[in-house]
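Basis for what follows: all heavy atoms, side chains included, without hydrogens, waters or symmetry-related copies. Counting starts at 1 for both ligands and their atoms, following the listed order.
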Amino acid sequence: MSTLTTTPALHQHRYPPLPVPRLPDVPDGVWHHGVANRSLAEWVARIVRLARPDDVVWLTGADDEWERLTTGMVESGALLRLDPALRPDSFLARSDPDDVARVEDRTFVCSRTAREAGPTNNWWDPREAHNELDRRFAESMRGRTMYVVPYSMGPVGGAISQLGVQVTDSAYAALSLTVMARVGDDALAEIGPDTPWVAGVHSVGFPLRKGDGTRREDVPWPSNPVKYIAHFPEERAIWSYGSGYGGNALLSKKCFALRIASVLGRDGGWLAEHMLVLRLTSPDGRITHVAAAFPSACGKTNLAMLQPTLPGWRVETIGDDIAWLRPGADGRLWAINPEAGFFGVAPGTNEASNPVAVDTIRKHTIFTNVALTDDGDVWWEGRTPEPPAHLTDWRGQDWTPGAGRPAAHPNARFTVPVQQCRTLADSWAEPDGVPIDAIVFGGRRATNVPLVTEARDWTHGVFVGATVSSETTAAQEGALGVLRRDPFGMLPFVGYDMGDHWQHWLDVGARLGEHAPRIFQVNWFRKGDDGSFLWPGFGENVRVLAWIADRVHGAADAEETGLGLRPVAGALDLDGLTLGDDTLAALFAVDPESWLDECARTDEFFGQLGESVPPELHEHLAALRSRLWHDHEGTAPHPSASRTTVGTAVTRAA
Ligand code: GTP
Ligand code: SPV
Ligand code: MN
C-alpha cells in the first residue's frame, strides 16, 4: 500500500473518540467479526451516532447478498424485476429526474489549501466543509438501514490495490458497489490495525422519520435537492450527500479511484487515470497493451470491447473506465483496472456498435433510467433501428415513437460484473497488471483533431494530453455539446492542481525513460460539411489500433504534420472500407488558421492555470504555433509565438 502524508483528521479534533457501540458476542473494540482496525470501528460508530440509521448491515460478500438486496428492493419499489426469460436476474431502477448524472458544480476538493486543489476544482475549506456536512448528515439516515460496505480496488491483497469502506443509506448504491468493486469480508480482512483505507460516507439525504417521531413514506429513488460530493485527500475521506446516482454515489469509482487515488499517486509515484485498458493481438500473435483516456461518454467502453473488422486481429478487455498505472521493477509502466464491474452508457449500445456489451448485459444486470418494453425487457435510443410501438419511459410514463422526447435518459446506464464480458482478458485481474505499450488520448471533436497522430516523445505526448478539448455529453449535468478543455479526460477527476498533474506525468515519464509507452491522439468524431461523422468508427477503429501497434513494434512508417506524426500513405489499413480520398484527406487535415486559433485558446487556458503549468508545455505550445505560422504564411515565426517562448523562459527562470 502506498503511503500518504497524513495530517490529523480535522473533524476528529472536534469530536472526542466515541465508544464503540455495545454489541453482543464481539471482542473488545471490534463489532463486526472482521474489524481489526480501531479507526474503522470508531468511524462507523461515529457515523451511526451522527446519522441515526435504524439498522446497520455489513455486507460480507456472501453468495446470497445480491439475491437478498434485490428481493428487498423489489418489495420496497426501488427496483423493478425485468422479465426472467427475456432478461434473467436483471432489474430496472428509475432515478429522480433531478438526479441523473454527476454534478460537477456540487463536487468539491477539500484539501488544506486552495492552491493544492487548483483552479479547475471547486475548493472548499475542510473545516467549513465538515461543519456543513455534519449539519446535513445529522439524523439524515433516520428510518433507514445503513449499509457498511468494505471493498478492495484491485485484486484483494494485490500490491497496487487499495482498500475502502463506504457507509450508505442507499440500498441501490450498496448493491451497485457489490458489482463495481470487490466487496465483503475478504476486503475487510485486509484492513489491519495500521492499514490505510479510504472512508466513504454517503447519504441520499431523505430520512424517513424526524426526531419528533413523525414518519414519511419512502419513494422509489430518494434524494435531496441539496447535493455535496466532497473529497478530503489528506484524510483519505469522501462525504457525499443528496444524490444516489453513479459517480456521485458509488464512491469507489470517481471519488476514490480517481480523485483520492490521483493524490495518492502523486505522492507515491504512480498515476490514477480515466482510461480503458485493452490487450490487442495481431494476426501474427504480437501483443500490444493500450491504455486510452477519453472524457465521459466518448467511447471508452466501445473501444475496450471492440470487435475488429480486420481479419486476424483480436481485442480483449481489461478495463473500461479507470486505470492505475505504475512503473514496475522492469522499468516499464504497468496498469491495473481497479474496478470489478462496468457502469456503461446504455443509449447507442446495439449489435453493430457494441455486440460484446449487448452480450454482457443479457442477464444479472442493473439497468438505470432505460425504457421498459411491454413484455418486461429494456430499450433505449439506438437499441434497435425502429423503436417499439409502445414503451414505459425512464420516468415511468407512457411513451410512443411520436412522443418528442427520448424514452431512455441519455445518461441511462447498465451495471454489470466484468466476468460477464466474453472478451475479458485472462490477465484482467493480474495483481501487478499488464505492461502498457501505448497510451492514447481522445475526445469528441467535430473539427480540427485528426483521426490519429503520434506524439514525438513523452513530453510532447503530455502536451497532447494536456490540450485535449471535448464536447460535453450527458454524463455530467449541464449543457450538451459544448466544447471545453478536458485535459487527459480528467477535468472533473484530478483531485489536485491540474498543472501539478501535468508535472507529475513528466516526472513519471522521466523515470520510465526509454521504457515509456508511446503516446497517440485519436478522434473518431470529426464531422464533414454535412454534419455527419467522417470515420465509421466502432469496430473499424481497429484499423487505427493496428497502426498504433505497428508503430510500437517498428512495423509502420509515419510522417510529420504540424501536430505530430501521422501514417504515411498506405500505412493505415483501409481495405474493405469505402472511404473517398476527400474524406481521408479531411480526416487528417490540419488547417493552420483554426489551429492557430486553437493555440490562442490553449495559451489562455494555460494562463488560467497559472504558475504550475510546466515550462516544457509552454515551450511545446510556442513551437507548435511557430510551425503552424510557418505553414500558414510560409514566413518567419509568428511574433506572438516567439514572444511566448521568450516571455515564458524569462518568467520561469526568474
Ligand atoms: P464513461 O463511462 O462516461 O466514462 O464513458 P465511456 O467513454 O466509456 O463512454 P462510452 O464508450 O459508453 O461512449 C458512448 C458514446 O460514444 C456513444 O454516444 C457512442 O455512440 C459514442 N461512440 C463510441 N465509439 C464511437 C465511435 O467509434 N464513433 C462514433 N461516432 N461514436 C462513438
Ligand atoms: C463518467 O461520467 O465518466 C462515468 C460515469 O464513468 S460516473 O460513474 O457517473 O461518473
Ligand atoms: Mn468515466
Asker: Mind checking whether C298 has a heavy atom under 4.0 Å from ligand 1?
Answerer: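 It does, in that a heavy atom of C298 comes within the 4.0 Å cut-off of ligand 1.
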Asker: Quick test of your reading of the model: are R422 and E316 salt-bridged, counting only N-O distances below 4.0 Å?
Answerer: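 Result for this pair is no, no salt bridge flagged.
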Asker: Less than 3.5 Å between some nitrogen or oxygen of P347 and one of ligand 1, yes or no?
Answerer: no
Asker: Between S353 and ligand 1, which residue portion shows a heavy-atom distance shorter than 4.0 Å: side chain, backbone, both, or neither?
Answerer: neither
Asker: Determine whether V183 and V149 make a side-chain contact, defined as any pair of heavy atoms from C-beta on separated by less than 4.5 Å.
Answerer: yes
Asker: Kindly determine whether T368 and Y172 satisfy side chain to side chain donor-acceptor pair (under 3.5 Å), including the steps that lead there.
Answerer: CA-CA 10 Å; T368 307; Y172 171 87; 2.7 Å; yes
Asker: Using a 4.0 Å heavy-atom cut-off, which part of S296 comes near ligand 1: side chain, backbone, both, or neither?
Answerer: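 Both backbone and side chain.
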Asker: With a cut-off of 4.0 Å, which atoms of ligand 1 are near a heavy atom of N541?
Answerer: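 So the answer, numbered in order with elements, is 27 (O).
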Asker: Give me the nearest non-hydrogen protein atom to atom 25 (C) of ligand 1 as residue plus atom name, then the distance to 0.1 Å.
Answerer: F538 CE2, 3.4 Å
Asker: How does L276 reach ligand 1, by side chain, by backbone, by both or by neither, if only non-hydrogen atoms under 4.0 Å count?
Answerer: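 Neither; nothing of L276 gets under 4.0 Å from ligand 1.
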Asker: If you define the side chain from C-beta out and look only at heavy atoms, does anything of Y147 sit under 4.5 Å from L177?
Answerer: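 Answer no - side chains too far apart.
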Asker: Quick one: which ligand 1 atoms are inside 4.0 Å of a heavy atom on V345?
Answerer: 12 (O)
Asker: Give a yes or no on whether a salt bridge exists between D575 and R543, defined as a side-chain N under 4.0 angstrom from a carboxylate O.
Answerer: no
Asker: For V290, run the side-chain contact (heavy atoms from CB on, under 4.5 Å) check against V552, V434, V440 and tell me which one passes.
Answerer: V440
Asker: Which of the N/O/S atoms in D321 sits closest to the Mn ion (ligand 3)?
Answerer: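 This residue's closest N, O or S atom turns out to be OD1.
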Asker: Quick one: nearest non-hydrogen protein atom to atom 5 (O) of ligand 1, plus distance?
Answerer: A297 N, 2.6 Å
Asker: Using a strict 4.0 Å threshold on nitrogen-to-oxygen distance, state whether K227 and E477 make a salt bridge.
Answerer: no
Asker: Provide, to 0.1 Å, the distance between atom 14 (C) of ligand 1 and the closest protein heavy atom, together with that atom's residue and name.
Answerer: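 Result for atom 14 (C) of ligand 1: N302 OD1, 3.7 Å.
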Asker: Counting backbone and side chain alike, does K253 bring an N/O/S atom below 2.8 Å of the Mn ion (ligand 3)?
Answerer: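 False for K253.
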Asker: Under the side-chain contact (heavy atoms from CB on, under 4.5 Å) test against F367, which residue among T415, L82, V416 passes?
Answerer: L82
Asker: Look up atom CD in E540 and atom CG in L574, then write down how far apart they are to the nearest 0.5 Å.
Answerer: 9.5 Å
Asker: For a quick test of reading the model, state the closest non-hydrogen atom pair linking P355 to S353 and the distance between them.
Answerer: CD-C, 3.9 Å
Asker: Looking only at non-hydrogen atoms, which of R526, R413, R444, K300 approaches atom 3 (O) of ligand 1 most closely?
Answerer: R413
Asker: So is there a nitrogen or oxygen of G299 less than 3.5 Å from a nitrogen or oxygen in ligand 1?
Answerer: yes
Asker: Run the numbers for me: atoms of ligand 1, each under 4.0 Å from some heavy atom of P295, listed by number.
Answerer: 7 (O)
Asker: Note every protein N or O atom lying under 3.5 Å from an N or O atom of ligand 2, pairing the names and giving the distance.
Answerer:
from	atom 1	to	atom 2	distance (Å)
ligand 2	2 (O)	R102	NE	2.9
ligand 2	2 (O)	R102	NH2	3.0
ligand 2	2 (O)	S296	OG	3.0
ligand 2	3 (O)	K254	NZ	2.5
ligand 2	3 (O)	H274	NE2	3.2
ligand 2	3 (O)	S296	OG	2.5
ligand 2	6 (O)	K254	NZ	2.6
ligand 2	6 (O)	D321	OD1	3.4
ligand 2	6 (O)	D321	OD2	3.4
ligand 2	8 (O)	G247	N	3.3
ligand 2	9 (O)	G247	N	2.8
ligand 2	10 (O)	R102	NE	2.9

Asker: Report yes or no: does D169 contribute a side-chain atom to a donor-acceptor pair with the main-chain N or O of V204 at less than 3.5 Å?
Answerer: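 Side chain of D169 to backbone of V204, a donor-acceptor pair under 3.5 Å: yes, one is there.
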Asker: Counting heavy atoms only, which part of L303 comes closer than 4.0 Å to ligand 1: side chain, backbone, both or neither?
Answerer: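 It is neither part, as no heavy atom is under 4.0 Å.
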Asker: If you measure only the distance, is there a donor-acceptor pair under 3.5 Å linking the side chains of W535 and N541?
Answerer: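 Side chains of W535 and N541: pair found under 3.5 Å.
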Asker: Short N/O distance, under 3.5 Å, between F294 and ligand 1?
Answerer: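 Among all N and O atoms of F294, none is under 3.5 Å from an N or O of ligand 1.
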Asker: Within a strict 4.5 Å, meaning less than it, do heavy atoms of the P119 and D497 side chains meet?
Answerer: yes
Asker: Nearest heavy atom to atom 31 (N) of ligand 1 wins, so pick from W535, F525, F533, W524.
Answerer: F525
Asker: Could you see which bit of H274 sits under 4.0 Å from ligand 1, with heavy atoms only: side chain, backbone, both or neither?
Answerer: side chain
Asker: Apply salt bridge (charged side-chain N to carboxylate O under 4.0 Å, His left out) to the pair E471 and K527, showing each step before the final yes or no.
Answerer: CA-CA 13 Å; E471 291 138 26; K527 289 180 176 171; 5.6 Å; no
Asker: Less than 4.5 Å apart, any side-chain heavy atom of V179 and any of W66?
Answerer: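 SC-SC contact between V179 and W66 confirmed.
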